[in-house]
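All remarks here apply to the structure that follows.
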Amino acid sequence: GIGTAAVGLAVSKIFRETPIRKLTALVHDANTASCRLLERLGFRREGLLREHFLINGEPANEVFFGLLRREWDASAPDR
């Protein structure tokens with residue numbers, strides 16, 4: 001709950017105070033908690049970056065997430 005609230009506040013502030021129209025996030029594909037957090041906030045999975053980085057010398061995948069300002073605004077008009 002705290003992580004979702006904190007990220008939600010950051011997203012809200014960014015969209016409220018800047019002209020940015022899209023936020024992106026990269027998450028290790030095995031980090032299911034972070035993937036769920038982003039999805040709860042309205043981020044959409046846009047792709048998988050295969051073997052995008054190394055962990056202890058081993059290739060690891062990242063999930064690419066995106067959130068458009070118009071999607072954020074539409075999800076809660078009172079933000």
Side-chain angles (χ1 to χ4, degrees):
I2 293 173
T4 302
V7 175
L9 284 172
V11 169
S12 186
K13 182 173 179 62
I14 290 166
F15 282 148
R16 204 175 45 247
E17 298 179 11
T18 73
I20 292 173
R21 59 185 181 79
K22 182 176 182 174
L23 295 176
T24 61
L26 296 169
V27 180
H28 186 287
D29 66 346
N31 188 344
T32 56
S34 291
C35 289
R36 282 194 312 267
L37 181 151
L38 292 172
E39 289 170 339
R40 273 194 302 276
L41 290 172
F43 281 79
R44 294 187 188 181
R45 290 176 186 245
E46 295 188 354
L48 178 68
L49 302 172
R50 299 178 305 140
E51 298 185 7
H52 193 243
F53 64 100
L54 298 174
I55 296 179
N56 298 323
E58 294 295 318
N61 298 331
E62 283 187 299
V63 181
F64 184 83
F65 287 90
L67 176 64
L68 300 175
R69 173 191 298 273
R70 63 180 170 78
E71 294 168 340
W72 178 257
D73 291 343
S75 69
D78 59 330
R79 285 190 194 156

Please determine whether the number of non-hydrogen atoms from other residues, nucleotides or ligands lying under 6.0 Å from atom CZ of Arg70 exceeds 12. no
Mark yes when over 12 heavy atoms from residues, nucleotides or ligands other than Arg44 sit less than 6.0 Å from its CZ; otherwise mark no.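 No, because the 6.0 Å sphere around CZ of Arg44 holds 12 heavy atoms or fewer from other groups.
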Using a strict cut-off of less than 4.0 Å between a Lys/Arg side-chain nitrogen and an Asp/Glu carboxylate oxygen, indicate whether Glu39 and Arg45 qualify as a salt bridge. yes
Nearest-0.5 Å distance, [atom1] of residue [X] to [atom2] of residue [Y]:
| X | Y | atom1 | atom2 | answer |
| --- | --- | --- | --- | --- |
| Arg36 | Thr4 | CZ | OG1 | 10.0 Å |
| Ile20 | Arg69 | CD1 | CZ | 8.0 Å |
| Leu23 | Glu71 | CG | CD | 10.5 Å |

Does the Ser12 side chain pair with the main chain of Gly8, one donor and one acceptor, at a distance under 3.5 Å? no
Is Glu58 reaching over with its side chain to a backbone N or O of Ile55, donor-acceptor style, under 3.5 angstrom? no
State, yes or no, whether a side-chain contact exists between [X] and [Y] at a heavy-atom distance under 4.5 Å.
| X | Y | result |
| --- | --- | --- |
| Leu37 | Phe43 | no |
| Thr24 | Phe64 | yes |
| Cys35 | Phe65 | yes |
| Glu51 | Asn61 | yes |

Compare every heavy atom of Trp72 with every heavy atom of Leu67, then report the nearest pair and how far apart it is. CD2-CE3, 3.7 Å
Taking every heavy atom of Ser34 against every heavy atom of Val27, the minimum-distance pair comes out as CB-CG1, 3.7 Å
Under 4.5 Å between side-chain heavy atoms, counting indirect links through other Ile/Leu/Val/Met/Phe/Trp/Tyr residues: same cluster for Leu48 and Leu38 or not?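 Cluster IDs for Leu48 and Leu38 match.
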Report yes or no: do Val7 and Leu26 belong to one cluster of Ile/Leu/Val/Met/Phe/Trp/Tyr joined by side chain heavy-atom distances under 4.5 Å?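 No; tracing contacts between hydrophobic side chains, which count when under 4.5 Å, never links both residues.
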Flag the pair His28 / Phe53 as yes when their ring centroid distance falls below 6.0 Å, and as no otherwise.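 Yes, they do, as the ring centres are separated by less than 6.0 Å.
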